[in-house]
Structures are given as C-alpha cells and as structure tokens.
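Written out below as structure tokens is the structure these notes cover.
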Amino acid sequence: MNVVPRELMTETPVSSADFRGAMRHLTGGVSIITAGRGKDITGMTVTSVTSLSVDPPTLLVSVNRDASSFPLIRRYGAFGVNILAADQLDIAERFAGKGGLKGAERFAGSQWVTAISGVPLLVGALSAVDCEVEEIVERHSHGIVIGRVGTIRNSVRTAALAYWHGQYVAVDQDEDAARLAEVSVPARSLRGA
Ligand SMILES: Cc1cc2nc3c(=O)[nH]c(=O)nc-3n(C[C@H](O)[C@H](O)[C@H](O)COP(=O)(O)O)c2cc1C
C-alpha cells in the first residue's frame, strides 16, 4: 500500500522561486538527448537523466512537452543519451538553445554517428546510449520518458560535465582526488590516535 506521510502535506504553497532555489543545490550530470532521424533531428541539454533499472537496462529522462525533442521522441519511439565530458561545455550550450540554434543546426561542429534506432550519437561523449521508448508518462509540463537501452558506446575518458548552482562544473576524478587529498584529515586523527 502506498502511504503518503502527513508531513508532506503543507498548508503553505511552495513558490516556484523557492523550489528552483532548492533544486540549485542538486548537482546534475549534463547529457544531450537526441531525437529524430536523417535531417529531421533535434536535441536538448538535460540534467534529468536517471538510471531506472539494470535488469532490464532502462533509464528515464524528464522532457518538457514544449521542447522540440518531445514530438520527435514520441514519433520515432527512440532517443539517444549522450553523457558529456568536461570539455564539451560548448555542445551543452548549443543544445540548450544558446545563439538561437534550432534542430539540425545544433549538431554542426561536432562529430555524430547514427545509432541502430536512427538517432545521432555523439562521438567523444563519456557514454552514448541508444534507447527505445518504453513508455512516456505525461505529468504537468513534462513527459517522463522511459527508455529501454539498446546499444552503448563508451569512451575511455572520465572527466564529466555537471551543472550546479546555475553553472557548469568539471568533475575530474584525478584532479578532485588530488584536491581531496590536500584537504583530507589523516585517518589517524579521525580515530583519535
Ligand atoms: C544544464 C541544463 C539542464 C537542463 N535540463 C533539462 C531537463 O532535464 N529537461 C528539460 O525539459 N529541459 C532541460 N533544460 C532546458 C533545455 O535544454 C532547453 O529548454 C532546450 O533549449 C529545449 O529545446 P528546444 O529549444 O529544442 O525546445 C536544461 C537546460 C540546461 C542549460
């Protein structure tokens, strides 16, 4: 049985500014969702990609129903998830609509291959995943798109692009580990030795 805790019922409506403010604390990995095939393609920058299940391999992404990608995802029943590397910030900006670029124009300047489903996948992405649409749950302004993973292209690179507090940040295993080592308290002093 699903129980809704009473604490969640609030008398005071939460303002969108408050909600946005809270969500700014949530660090999100940046991906490009691609949709369509041939010249009828578009894509968008997202942080809402989440792994859903491993067996079967599924993921979900929350897509605004007004975004140009949404009707193409629905029409073709497929989409690509391209997890961006730290040095692909310019691609993130293009696909967020910077410079007014639309549709196929956003793909210029970077290299793409066509997945089995027909969607473009980004060469050099940390991982590029070809998904078949399993279900779309339309809720409020967005569609929760559930994708069954078909094929995956992995790269050997590791430094990722994230979004936090309204800005892009690089997450680099080596650099961050080095920085952590500088500020870490030695394990001995944590044990009180
Ligand atoms: C860092 C970042 C993350 C975003 N995440 C999402 C997201 O998860 N879902 C969404 O619908 N839009 C998201 N957006 C907004 C879309 O990228 C943007 O509205 C895009 O231009 C929509 O595509 P369109 O111009 O083709 O309609 C995000 C934008 C940025 C900059």
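Counting convention: from 1, in listed order, for ligands and their atoms alike. Just the heavy atoms: all of them, side chains too, but no hydrogens, waters or symmetry mates, feed the values below.
- Of the protein's heavy atoms, Ser62 O, 2.9 Å lies nearest to atom 9 (N) of ligand 1.
- For Arg74 and Glu138, the salt-bridge test passes: some basic side-chain N is under 4.0 Å from an acidic carboxylate O.
- Only side-chain heavy atoms of His142 come within less than 4.0 Å of ligand 1; its backbone N, CA, C and O stay farther off.
- Asn82 places a side-chain N or O within donor-acceptor distance of the main-chain N or O of Leu122, the cut-off being under 3.5 Å.
- Where the criterion is an N or O separation shorter than 3.5 Å, residue side chain and backbone included, Tyr163 fails it with respect to ligand 1.
- Residue contacts with ligand 1: Ser69 is placed with no nitrogen or oxygen under 3.5 Å of a nitrogen or oxygen of the ligand (distance criterion only).
- In this structure, atom 21 (O) of ligand 1 is in close contact with the protein, since a protein heavy atom lies within 4.0 Å of it.
- Within the structure, side chain to side chain donor-acceptor pair (under 3.5 Å) contacts touching residues 139-150 (residues at least two apart or in different chains) are Glu134-Arg148.
- For Asp90, there are no side-chain hydrogen bond (donor to acceptor under 3.5 Å, both in side chains) partners two or more places apart in sequence or in a different chain.
- Listed by atom number, the atoms of ligand 1 under 4.0 Å from Ser48 heavy atoms are 7 (C), 8 (O), 9 (N).
- At least one side-chain heavy atom of Leu121 sits under 4.5 Å from a side-chain heavy atom of Arg153.
- Taking every heavy atom of Arg106 and a limit of under 4.0 angstrom, the matching atoms of ligand 1 come to 23 (O), 24 (P), 25 (O), 26 (O).
- More than 12 heavy atoms of other residues, nucleotides or ligands shown are found within 6.0 angstrom of CD on Glu93.
- The nearest non-hydrogen atom to atom 13 (C) of ligand 1, considering only Leu161, Asn64, Thr45, comes from Thr45.
- Considering both main-chain and side-chain atoms, Ser68 comes within under 3.5 Å of ligand 1 through a nitrogen or oxygen pair.
- Note: an N/O pair closer than 3.5 Å links Ala96 and ligand 1 by distance alone.
- Of all protein heavy atoms, the one closest to atom 12 (N) of ligand 1 is Met44 CE, 3.3 Å.
- Counting only heavy atoms from C-beta outward, the side chains of Ile116 and Asp130 approach each other to under 4.5 Å.
- Those atoms of ligand 1 with a heavy atom of Ala67 less than 4.0 angstrom away are 27 (O).
- Near Val63, meaning under 4.0 Å from any of its heavy atoms, are these atoms of ligand 1: 11 (O).
- Remark: minimum distance from atom 31 (C) of ligand 1 to any protein heavy atom is reached at Tyr168 OH, 3.5 Å.
- Between Leu60 and Leu52, the closest heavy-atom pair is CD2-CD1, 4.0 Å.
- A salt bridge is defined here as a Lys NZ or Arg NE, NH1 or NH2 lying under 4.0 Å from an Asp or Glu carboxylate O, and Asp87 with Arg157 meets this definition.
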